[in-house]
Amino acid sequence: MRSTGCDVVVIGSSNIDMTVRCRELPLPGQTILGDDFVITPGGKGANQAVAAAKLGARTQLIARLGNDVFAEASMNSFSRAGLGTDYIVRDETSPSGVALIFVDENGENQIVVAPGANGKLTPADIDRALPVIENAKVMVLQLEIPMETVRHAAQLATQHKTRVILNPAPARVLPPSLLEQVDILIANETEVLVLTGADDVDTSTAARACGPLLEAGVESVITTLGKNGAVITSGVGATKVPGFKVKAIDTTSAGDTFAGAIACALAQGRSLEDAVHFANAAAALSATKQGAQVSMPTRAEVEKMIESQ
Ligand code: ADP
């Protein structure tokens, strides 16, 4: 039976990341030998949904996967995280999204993403999930699916008084009609610069840089600043929320863990400032382990981290 009860609904991409480490990145036309080949489930939508589910929020992911072995690997990861998959569509004609990644000894990378079924997620797929959208407390969106679908989902959430969180990644300038539907925008430094045209953003300038986004109708902007934590900007001013000190090993999915944790904390009734504190702890923990979905912490681990600092 399909579920109507959930607190967080995430609408977005699911990919399989295929990574090979190599001494140097290959030049065009060159064949080189690399290290072992590693397959891990990724994609911003799936990562953020897994983060929220592992932290204890009742979460559903709305996404499109292919009908292939890669989809099976993603589904296994979702089931380990306790993530709801009732509204995941298996596309019969397009393959699952994949990211082909080469990483050299200095951490420099080359990535090609083949979006596959992610590019086929339609407004009709979103409409089918109306029972969960109208009951959810928050909806989380990113930009790795068609913009028409993102806009439709935000509109539907607004109509049903479900709070809209947008993580505008990959960064691009956004239409005013979308911004006005967004309650909370979570953006890293690069994304804020692209969205606002500002030429600088740090703990002291975030509030000024985010001004145009508030004028466009966004209620609050959370600017994430790596190890420095995050700054919340809203109509009442700016609040800095310091990060947690950890030995970071791999920060690739820190931003996704942060967004999933914000959704989880808000759905459970916390204030925005408390939610950012919780998300800083969750994201810092995810940076202490390799990988995306496998590196995401549980609620107990985050609570222990918060108590210990
Ligand atoms: P993205 O991963 O999208 O580039 P950031 O680098 O701003 O975004 O990281 C997102 C969040 O992850 C930060 O706001 C912070 O909470 C946490 N984080 C990232 N890097 C570190 C780090 N080195 N130490 C502690 N926390 C970190």
Side-chain angles (χ1 to χ4, degrees), residues 10 12-13 15 17 40 42-48 50-52 54-55 99 101 103 107-109 111 113 140-144 165-172 184-196 198 200-207 209-210 220-233 238-266 270 272-293 295-297 301-306 308-309:
V10 181
S13 60
N15 287 331
D17 296 342
T40 46
K44 291 201 148 287
N47 285 350
Q48 296 180 10
V50 164
K54 277 180 102 170
L55 290 168
I101 306 170
V103 186
E108 191 60 59
N109 60 33
I111 304 178
V113 177
V140 187
L141 296 160
Q142 321 75 28
L143 304 176
E144 290 185 337
I165 299 177
L166 174 67
N167 173 220
R172 52 178 285 183
I184 297 161
L185 195 122
I186 303 175
N188 66 18
E189 295 159 85
T190 324
E191 288 148 11
V192 169
L193 298 184
V194 172
L195 251 57
T196 62
D200 181 34
V201 58
D202 58 26
T203 22
S204 53
T205 57
C210 294
S220 307
V221 181
I222 304 172
T223 308
T224 63
L225 297 162
K227 65 178 172 16
N228 294 322
V231 176
I232 306 168
T233 313
T239 311
K240 295 174 194 171
V241 189
F244 285 74
K245 277 207 174 56
V246 289
K247 191 163 178 295
I249 290 176
D250 176 9
T251 59
T252 12
S253 64
D256 289 338
T257 306
F258 186 95
I262 291 285
C264 170
L266 292 179
R270 296 193 190 208
L272 195 52
E273 196 173 334
D274 257 8
V276 172
H277 185 57
F278 180 78
N280 275 337
L285 277 171
S286 79
T288 63
K289 290 188 194 154
Q290 288 283 355
Q293 294 172 17
S295 75
M296 290 168 173
E301 288 167 331
V302 175
E303 276 167 2
K304 196 164 147 213
M305 169 91 164
I306 290 174
S308 71
Q309 297 226 348

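Everything quoted here is computed from the prediction, not taken from an experiment. In what follows, residues are counted from 1 in the order of the sequence shown. All values below come from the heavy atoms of this structure, side chains included, with hydrogens, waters and symmetry mates left out. One-based numbering, in listed order, for ligands and for the atoms of each.
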Practice item. Could you tell me which atoms of ligand 1, counted from 1 in the order shown, lie closer than 4.0 angstrom to a heavy atom of V246? Key: 24 (N), 25 (C)

Review point. Can you tell me how far CG of L141 sits from CG of L166, rounded to the nearest 0.5 angstrom?
Key: 6.0 Å

Review point. N280 heavy atoms, cut-off 4.0 Å: which ligand 1 atoms fall inside?
Key: 14 (O), 15 (C), 16 (O)

Review point. E301: what forms a salt bridge (charged side-chain N to carboxylate O under 4.0 Å, His left out) with it, not counting sequence neighbours?
Key: none

**Study point:** Contact atoms of ligand 1, heavy-atom distance to A254 under 4.0 Å
**Key:** 12 (O), 19 (C)

Review point. Counting each atom of ligand 1 from 1 as listed, which ones have a heavy atom of A284 under 4.0 Å away?
Key: 25 (C), 26 (N)

**Study point:** Under the side-chain contact (heavy atoms from CB on, under 4.5 Å) test, residues paired with L193 that sit two or more places apart
**Key:** A198, V201

Review point. Measuring from L55:CG to T257:OG1, what's the distance to the nearest 0.5 Å?
Key: 8.0 Å

Check your understanding: If you look at every heavy atom in T196 and A209, which pair is closest and at what distance?
Key -> CG2-O, 3.3 Å

Practice item. Just let me know how A248 lines up against ligand 1, side chain, backbone, both or neither, with a heavy-atom cut-off below 4.0 Å. Key: side chain

Practice item. Quick one: look up the protein heavy atom nearest atom 8 (O) of ligand 1 and list residue, atom name and how far away it is. Key: T224 OG1, 3.5 Å

Exercise for review: Using a strict cut-off of 4.0 Å, indicate which atoms of ligand 1 neighbour a heavy atom of G229.
Suggested key: 13 (C), 14 (O)

Check your understanding: What's the shortest distance from atom 18 (N) of ligand 1 to any protein heavy atom, and which residue and atom give it?
Key -> G226 O, 3.6 Å

Check your understanding: Below 4.5 Å, heavy atoms only, C-beta onward: do E189 and L225 meet side chain to side chain?
Key -> yes

**Study point:** Pairwise side-chain contact, P170 with E144, heavy-atom cut-off 4.5 Å (strictly under)
**Key:** yes

Exercise for review: Between K245, K227, K247, flag the one that comes closest to atom 22 (C) of ligand 1 by a heavy atom.
Suggested key: K227

Exercise for review: Report yes if some heavy atom in the side chain of Q290 is under 4.5 Å from a heavy atom in the side chain of T40; otherwise report no.
Suggested key: no

Review point. Do you know which two heavy atoms are closest between N47 and M296, and how far apart they sit?
Key: O-CE, 3.4 Å

Review point. Which bit of N188 gets closer than 4.0 Å to ligand 1, counting heavy atoms only: side chain, backbone, both or neither?
Key: side chain

Review point. For ligand 1, which atoms sit closer than 4.0 Å to a heavy atom of A283?
Key: 11 (C), 12 (O), 16 (O), 17 (C)

Exercise for review: Could you tell me the residue and atom name of the protein heavy atom closest to atom 25 (C) of ligand 1, and the distance to it rounded to 0.1 Å?
Suggested key: F244 O, 3.2 Å

Exercise for review: Starting from atom 2 (O) of ligand 1, find the nearest protein heavy-atom neighbour and note its residue, name and distance.
Suggested key: G255 N, 3.2 Å

